There are 2 protein chains.
Amino acid sequence: MTTAGSNREPKYRRIAGALKQGIEAGRYAPGDRLPGENDLMAEHGVARMTARQALAVLQAEGLAEARKGAGVFVREFRPIRRRGIQRLARERWGSGRSVWGTDVGDRDLAVEVVEVAEKDAPEAVAGVLGGARTWVRDRRFVLDGKPVLLSVSYYPAALVADSAITRHDTGAGGAYARLAELGHEPVRFREEIRSRMPTADEADRLRLAAGTPVVLVCRTAFTADGRAVEVNEMVLDAGSYVLEYEFEG
Amino acid sequence: MTTAGSNREPKYRRIAGALKQGIEAGRYAPGDRLPGENDLMAEHGVARMTARQALAVLQAEGLAEARKGAGVFVREFRPIRRRGIQRLARERWGSGRSVWGTDVGDRDLAVEVVEVAEKDAPEAVAGVLGGARTWVRDRRFVLDGKPVLLSVSYYPAALVADSAITRHDTGAGGAYARLAELGHEPVRFREEIRSRMPTADEADRLRLAAGTPVVLVCRTAFTADGRAVEVNEMVLDAGSYVLEYEFEG
DNA sequence: CAGTGGTCTAGACCACGAT
DNA sequence: TCGTGGTCTAGACCACTGT
């Protein structure tokens with residue numbers, strides 16, 4: 001087969017490429033349904049598995065999303081902005097004028113408290129906090145009905161045992177206000193960031209489409225005298241967030 | 001088929017799960033070869049496509065990597081640490097004691113200059129810099145022979161036209177030193193971070209295995225009077241980096 | 001060279017979503 | 001109910017890697 005000319009690109013890639021072009025050219029807008037397996041089989045004269053492979057490429061790249069019994073649809077990207085320093089963010093310099101324009105989000109954010117319990121922290125966290133015995137606050141953040149963030153916070157048990165941090169509702173000002181009242185106000189923070197594909201559990205709890213990575217943010221909060229009083233491990237839906245940090249050279 | 005008991009997990013997932021367990025349990029160490037398609041077909045009595053699907057799961061999750069003609073291998077994760085504020089990073093508080101232990105990297109880092117040219121910047125960048133006419137520095141960073149970072153920097157053409165920023169070698173201290181000499185020293189920075197699956201071109205230029213996301217970092221540098229003098233768009237291999245930021249509340 | 005993963009076919013049955 | 005994507009089979013040929 002294959003008349004003259006070297007066609008060394010696999011069929012499924014050619015098909016995927018054609019679909020991608022269609023998306024970029026705007027022939028398929030975000031939310032639109034793409035041609036289905038049967039359409040591609042007929043149009044390109046290929047077997048079902050080949051058509052599937054083509055659609056799988058778009059899904060793996062995060063461009064499309066399959067809905068069982070309905071079709072494959074073009075995905076949308078409307079992330080929310082998370083600022084490292086909220087206080088400074090409102091200063092005059094450089095305000096507005098961000099490269100990735102995103103809604104600041106006055107949307108409906110719900111916080112589900114999954115669990116609050118006294119537990120041993122993982123080894124790496126225990127090393128930072130100076131002891132394994134911790135109170136753990138496990139929460140999930142849901143934006144407009146879509147889960148976007150899993151958050152697990154660890155506090156040294158000896159420090160917070162008698163505070164509202166051990167209860168579902170930490171009260172006004174949250175855990176940091178309670179730490180401050182205890183004489184351990186966090187004033188400095190370190191955030192470590194990486195990204196990878198989600199585990200099956202993470203994909204489930206964040207309801208992630210295939211082809212969506214997660215961003216891992218690990219925040220450590222320090223008091224003025226350098227003691228670590230909180231480690232917060234967060235798992236973010238990468239399609240829902242843009243992180244922002246500002247600092248001086 | 002399927003003797004008693006509801007086995008509603010697809011075969012390929014069961015097989016993938018078994019392989020994952022093997023990795024977690026250490027039966028397959030990083031770099032080891034996993035059972036191949038033929039092995040899985042024989043062991044589980046399935047068709048080739050099904051065995052492939054199982055192996056595809058591990059690759060999509062970034063746990064394994066296929067090498068044509070050789071096999072599928074367990075991947076390793078040894079990222080390098082990139083600090084937002086190098087100066088402050090050496091202060092006493094909180095030094096050491098990071099949650100994700102990673103080599104600070106005294107490894108061999110090569111910088112390839114792909115292109116230095118005067119060009120129109122993309123619309124979003126032009127908006128930040130206050131004009132589309134820019135000098136563009138396109139570079140690729142290679143660590144121990146493995147590409148880890150693509151970097152494209154934009155500078156207002158009117159500002160840097162006569163400086164070494166327009167040449168391949170910017171000289172001692174780099175572009176920031178040249179900007180300082182021109183009276184436009186960058187003193188404040190904003191970095192915006194997101195993550196997604198790579199485009200085919202990015203995967204190619206970073207030699208990414210399937211199942212590896214990229215991290216996008218967009219840095220904007222401001223002078224003391226609030227003028228943006230550089231926008232640097234970076235594409236990082238997510239498997240090669242941990243980003244770190246420190247700030248005060 | 002033998003073995004590996006990569007691509008592809010032509011069927012099949014299923015669970016699910018919308019109508 | 002009908003069309004969709006999801007899973008699976010049993011074959012096949014190819015290009016590549018290693019020895």
Side-chain angles (χ1 to χ4, degrees), chain A residues 1-3 5-19 28 31-61 63-75 200 203-204 207-211, chain B residues 1-3 6-19 28 31-60 63-75 200 203-204 207-211:
Chain A
M1 284 304 98
T2 79
T3 49
S6 66
N7 71 336
R8 282 285 41 83
E9 195 176 26
K11 289 186 187 179
Y12 77 95
R13 276 193 200 281
R14 298 183 77 86
I15 300 174
L19 291 172
Y28 308 113
D32 281 3
R33 178 170 181 275
L34 291 169
E37 297 177 359
N38 297 328
D39 301 313
L40 296 178
M41 288 166 70
E43 189 181 343
H44 296 89
V46 296
R48 158 158 264 106
M49 284 303 297
T50 307
R52 278 187 69 73
Q53 261 182 301
L55 290 169
V57 168
L58 300 207
Q59 294 174 58
E61 292 183 358
L63 294 174
E65 172 179 11
R67 294 207 278 272
K68 241 189 306 192
V72 179
F73 297 81
V74 180
R75 276 176 53 181
D204 198 54
R207 292 218 312 271
L208 296 176
Chain B
M1 284 307 98
T2 78
T3 50
S6 66
N7 71 335
R8 283 284 41 83
E9 195 176 26
K11 288 186 187 180
Y12 77 95
R13 276 194 201 281
R14 298 184 75 86
I15 300 174
L19 292 172
Y28 308 113
D32 281 3
R33 179 171 178 272
L34 291 170
E37 296 177 0
N38 298 329
D39 301 312
L40 296 178
M41 289 165 69
E43 189 181 343
H44 295 88
V46 296
R48 157 158 267 106
M49 284 303 298
T50 307
R52 279 187 68 73
Q53 261 182 301
L55 290 168
V57 168
L58 300 206
Q59 293 173 59
L63 293 174
E65 172 179 13
R67 294 208 277 273
K68 242 188 308 191
V72 180
F73 298 82
V74 180
R75 275 178 52 184
D204 197 54
R207 292 216 313 270
L208 296 177

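Owing to the predicted nature of the structure, the values given are computational and were not obtained by experimental measurement. Residue numbers start from 1 in every chain, and the chains themselves are labelled A, B, ... in the order their sequence lines are given, proteins ahead of strands.
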Q) Are any of the side-chain heavy atoms of A/V46 and A/I15 separated by less than 4.5 Å? A) yes
Q: Flag the pair B/L40 / B/L19 as yes when at least one side-chain heavy-atom distance between them is below 4.5 Å, and no otherwise.
A: yes
Considering only side-chain heavy atoms of [X], which listed nucleotide, [options], is closest?
{"X": "B/A66", "options": "C/dG5, C/dC8, D/dC8", "result": "C/dG5"}
{"X": "B/A47", "options": "D/dA10, D/dT7, D/dG5", "result": "D/dA10"}
{"X": "B/V46", "options": "C/dT7, D/dG5, D/dT9", "result": "D/dT9"}

[X] vs [N]: side-chain N/O to OP1/OP2 distance below 4.0 Å:
{"X": "B/R52", "N": "C/dG6", "result": "yes"}
{"X": "B/T50", "N": "D/dT7", "result": "no"}
{"X": "A/Y12", "N": "C/dC8", "result": "no"}
{"X": "B/N38", "N": "C/dT4", "result": "yes"}
{"X": "A/K11", "N": "C/dT9", "result": "yes"}
{"X": "A/R33", "N": "D/dG5", "result": "yes"}

What integer distance in Å separates [X]:[atom1] from [N]:[atom2]?
{"X": "B/F73", "N": "D/dT17", "atom1": "CZ", "atom2": "P", "result": "12 Å"}
{"X": "A/Q59", "N": "D/dG6", "atom1": "CD", "atom2": "C1'", "result": "11 Å"}
{"X": "A/E65", "N": "D/dT4", "atom1": "CD", "atom2": "P", "result": "18 Å"}
{"X": "B/E37", "N": "D/dA12", "atom1": "CD", "atom2": "P", "result": "16 Å"}
{"X": "B/M49", "N": "D/dG6", "atom1": "CE", "atom2": "P", "result": "14 Å"}
{"X": "A/L40", "N": "D/dG3", "atom1": "CG", "atom2": "P", "result": "17 Å"}
{"X": "A/R48", "N": "D/dC8", "atom1": "CZ", "atom2": "C1'", "result": "12 Å"}
{"X": "A/H44", "N": "C/dT9", "atom1": "NE2", "atom2": "C1'", "result": "17 Å"}

**Q.** Heavy atoms from other residues, nucleotides or ligands near CZ of A/R13 exceed 12 (cutoff 6.0 Å)
**A.** no
(Q) If you assign each of A/R67 and A/R13 to its closest nucleotide in DNA chain C, which residue comes earlier from the 5' end? (A) A/R13
Q. Can you tell me if A/R14 uses its side chain to pair, donor with acceptor, with the backbone of A/A54 under 3.5 Å?
A. no
Q | Distance-minimising heavy-atom pair for A/A66 and A/Q59 | A | CB-OE1, 3.5 Å
